[in-house]
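Here the structure is laid out as structure tokens; the discussion comes afterwards.
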Number of protein chains: 2
Amino acid sequence: MATQKEIARRAGVSISAVSAVVNGTTHTRMSEETRARIEGIIADLGYVPNDAARALRRQRAGTIAVVVQKVENPIYREMFHGIYDAAEARGWAVVLGDAMWMRSGSHFLARLLGQGSIDGIIVRSEGLIDDEVMRHLRARPAPVIVVEGRHAQDGRWLAIDDAAAGLVATQHLLDLGHRDIEFVGGASWIPTSERYRGYTEAMADAGLEPRPANRSGFGSSAGAEGFAAILASGRRPTGIVVNNVLSAVGTLNAALDAGVRVPDDLSLIAIHDAEVADDLRPPLATVKMPMAELGARAVEAIAAVLAGAPTRFGLVDSPAPVLIPRASTARPPAVPAPWWTAV
Amino acid sequence: MATQKEIARRAGVSISAVSAVVNGTTHTRMSEETRARIEGIIADLGYVPNDAARALRRQRAGTIAVVVQKVENPIYREMFHGIYDAAEARGWAVVLGDAMWMRSGSHFLARLLGQGSIDGIIVRSEGLIDDEVMRHLRARPAPVIVVEGRHAQDGRWLAIDDAAAGLVATQHLLDLGHRDIEFVGGASWIPTSERYRGYTEAMADAGLEPRPANRSGFGSSAGAEGFAAILASGRRPTGIVVNNVLSAVGTLNAALDAGVRVPDDLSLIAIHDAEVADDLRPPLATVKMPMAELGARAVEAIAAVLAGAPTRFGLVDSPAPVLIPRASTARPPAVPAPWWTAV
DNA sequence: CTGAAAGCGCTTACAG
DNA sequence: CTGAAAGCGCTTACAG
């Protein structure tokens with residue numbers, strides 16, 4: 001591949017002049033004729049700068065990395081979008097990786113740990129990643145911003161307002177007239193417990209006794225287990241708040257499989273909006289979270305840390321979580337629902 | 001951050017010695033005492049090599065990029081896995097990107113186009129990416145391997161056996177006794193048309209007249225449109241092969257919304273297995289494709305091109321597409337299904 | 001206005 | 001066995 005040296009030779013100018021044309025930074029007042037000649041040769045040779053050399057010289061790679069638990073999780077869609085837009089605006093490329101790849105000794109991790117090729121790292125949920133790995137990561141000069149991980153020891157975390165989301169979801173069911181409402185997703189994972197806290201607050205405000213959370217992990221099977229736990233307990237709520245949209249797929253299916261009619265017998269609402277909510281039958285009511293803003297803020301935070309400037313960490317509470325009503329919720333049944341006795 | 005120079009100074013040795021310890025390549029027979037001293041200082045300072053400097057010097061970055069249409073599409077899950085494993089085995093880190101980010105002028109594209117930071121690129125479906133961008137990409141020294149794009153002009157493509165998949169899916173319905181079978185997804189996109197070809201072959205082998213494909217794009221709405229087209233045509237098949245699992249979500253929902261019972265009135269099967277198939281009601285029968293192998297082969301191809309070694313491009317036909325039976329298919333109804341008259 | 005030179009941090013042939 | 005030196009391709013003060 002052509003280098004600036006080769007172009008300079010052909011154009012009969014110095015490398016500095018070529019670099020100036022490529023970057024438009026110094027030698028700005030060079031003769032129009034020279035500039036045109038250099039540009040012509042650049043085009044002819046299809047010259048493209050060597051990013052490794054640039055990164056070494058500039059001490060900045062121009063790339064940030066985003067690591068999430070499962071890239072195929074649809075709730076990241078908007079966050080990626082927000083990150084990409086904010087990064088492009090600041091001159092960064094974004095690359096994605098899966099947390100599963102961060103096993104110690106992997107080359108993927110080496111690239112994150114090494115200097116020179118990644119300027120900053122956005123990691124989803126430090127709690128889901130090996131502590132040892134996080135410690136190594138934080139020892140590097142590239143700033144590490146944790147999204148959805150409030151306990152980041154260095155204080156560099158951003159999170160959505162999970163408690164508010166739990167409250168909005170629960171309030172929606174209360175507004176419809178439900179009083180017997182359960183929560184699926186009582187994990188020790190912080191965002192989930194915050195959502196549960198929102199649920200308990202809404203219940204308490206309505207003068208109702210919150211129920212204990214029905215444990216759930218991630219994915220649809222966890223949501224199904226949460227529903228099974230409710231069945232097993234003998235309780236028959238008219239509404240359920242599920243801590244996340246993917247689990248809700250399992251909750252909904254478990255309910256349907258048990259012969260429960262949604263929303264006639266049981267209303268369902270989940271936190272995080274995603275396309276899948278429209279693809280369910282019935283379509284699932286959700287609470288949409290400001291994921292794009294979360295992503296954009298994370299990029300801003302990297303820029304601020306790199307610049308030594310102050311920045312706001314903490315809750316991204318604007319826009320607020322917003323209800324996306326869909327057919328999975330309705331007024332509670334006037335008479336005890338059939339599923340009280342069906343199982 | 002510490003450099004080899006700093007470590008050499010503290011250890012009272014040359015940079016060469018430090019580099020030797022870091023890489024274990026030269027100076028292999030240095031005294032045990034010296035090696036231990038150097039290693040101690042490396043650990044104390046938390047030294048990590050600078051990837052940019054390495055990439056510049058070695059003329060190899062140690063990273064390959066994978067670009068797909070929508071990272072959240074679950075059919076990539078296994079392909080990413082196959083790519084990751086094969087890449088790690090060869091000493092490469094993998095980074096992911098979305099094709100949506102490849103707009104001309106983006107920094108993401110610049111990183112792919114630039115030299116020095118990416119050794120090879122795996123692109124899903126060149127047909128879905130701007131020709132101009134592909135041309136630029138191919139002008140770079142980093143090999144570009146297209147997966148699912150049979151018309152790659154440079155011959156560097158790999159694809160799964162879409163025709164075989166169409167055949168397996170159709171044969172499954174034929175084996176159940178269906179004779180009136182439609183195909184949803186008659187796009188000009190090559191993999192889809194190959195799947196349709198498999199459908200026509202299976203039908204012809206069974207002595208049946210294949211139906212024209214019902215146009216469909218991507219995503220669930222496309223599958224719903226395909227179903228609507230069948231309804232509008234007045235035809236009432238007992239079985240439908242949907243060209244991909246995401247479209248099938250829409251096809252299934254459209255059928256259910258129209259009051260059609262699946263599989264009692266209508267059997268449904270889709271190409272590409274994914275978790276979502278289990279999350280549908282009824283769970284969706286699919287044909288599982290060798291996506292992990294496809295990914296691994298793409299990595300091998302990059303390695304081969306880089307090494308100037310010959311490699312096999314073309315169809316990844318082993319393992320063959322395999323039927324994953326689920327509850328969405330059954331024997332055709334004995335009497336004309338209600339939905340013949342329902343709509 | 002333009003060029004020569006230093007140096008980013010590393011690897012590797014080469015000299016001793 | 002170990003070190004000095006060159007050079008990967010670039011950017012940027014600095015000299016002229």
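Given the structure is predicted, the values throughout are model-derived calculations rather than measurements. Convention: sequence-line order gives letters A, B, ...; per-chain numbering from 1. In what follows, every heavy atom counts, from backbone to side chain, and hydrogens, waters and symmetry copies are set aside.
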- When you match B:Thr34 and B:Ala53 each to their closest nucleotide on DNA chain D, which lands nearer the 5' end? B:Thr34

- Item | Interatomic distance where CD belongs to B:Glu33 and C1' belongs to D:dT2 [whole Å] | 14 Å

- If you check every side-chain atom of B:Asn50, which of C:dC10, D:dC10, C:dA5 has the closest atom? C:dC10

- Look at the side-chain N and O atoms of B:Ser19 and state whether any lies under 4.0 Å from the OP1 or OP2 oxygen of C:dT11. yes

- Task: Using a heavy-atom cut-off of under 4.0 Å over every strand shown, decide if B:Val13 touches base, sugar-phosphate, or nothing.
- Result: sugar-phosphate

- Message: From CG of B:Leu56 over to P of D:dA6, roughly how many Å is that when rounded to an integer?
- Response: 17 Å

- Rounded to the Å, how far apart are A:Asn23 CG and C:dT2 P? 17 Å

- Task: Determine whether the aromatic ring centres of B:Phe313 and B:Trp157 lie less than 6.0 Å apart.
- Result: no

- With heavy atoms under 4.0 Å as the rule, sort B:Gln59 into base, sugar-phosphate or nothing. sugar-phosphate

- Query: To the nearest angstrom, how far is B:Arg54 atom CZ from D:dC10 atom P?
  - Reply: 21 Å

- Note on the structure: Closest to the side chain of A:Ser14, out of C:dC10, D:dA4, C:dG3, is C:dG3

- Is B:Arg297 salt-bridged to B:Glu293, cutoff N-O under 4.0 Å? no

- Message: Whether A:Asp51 and B:Arg111 form a salt bridge (side-chain N of Lys/Arg under 4.0 Å from carboxylate O of Asp/Glu) is what I want to check.
- Response: yes

- Message: Closer than 3.5 angstrom, by distance alone: can the side chain of A:Glu88 be matched with the main-chain N or O of B:Phe108 as a donor-acceptor pair?
- Response: yes

- Nearest whole angstrom, please: distance from the P of D:dT11 to the NZ of A:Lys5. 16 Å

- Note on the structure: Between the CG atom in A:Leu158 and the CG atom in A:Leu315, the distance rounded to the nearest 0.5 Å is 9.0 Å

- Item | NZ/NE/NH1/NH2 to OD/OE distance under 4.0 Å, B:Arg150 and B:Asp162 | yes

- Message: Using side-chain hydrogen bond (donor to acceptor under 3.5 Å, both in side chains), reason through A:Arg124 and A:Asn73 one step at a time and then give a plain yes or no.
- Response: CA-CA 12 Å; A:Arg124 170 96 198 295; A:Asn73 190 327; over 6 Å; no

- Task: For A:Arg58 and D:dC10, give me the distance from atom CZ to atom P, rounded to whole Å.
- Result: 11 Å

- Nearest whole angstrom, please: distance from the C1' of C:dC8 to the CZ of B:Arg57. 15 Å

- Note on the structure: Stems in DNA chain C, runs of 3 or more consecutive Watson-Crick or G-U wobble pairs with both distances under 3.5 Å, sorted by first number, are C:1-3 with D:14-16, C:5-12 with D:5-12, C:14-16 with D:1-3

- Among the candidates C:dC10, D:dC10, C:dT11, find the nucleotide nearest to the side-chain atoms of A:Gln4. D:dC10

- Item | Atom-pair distance (CD on A:Gln115; P on C:dG9), nearest Å | 8 Å

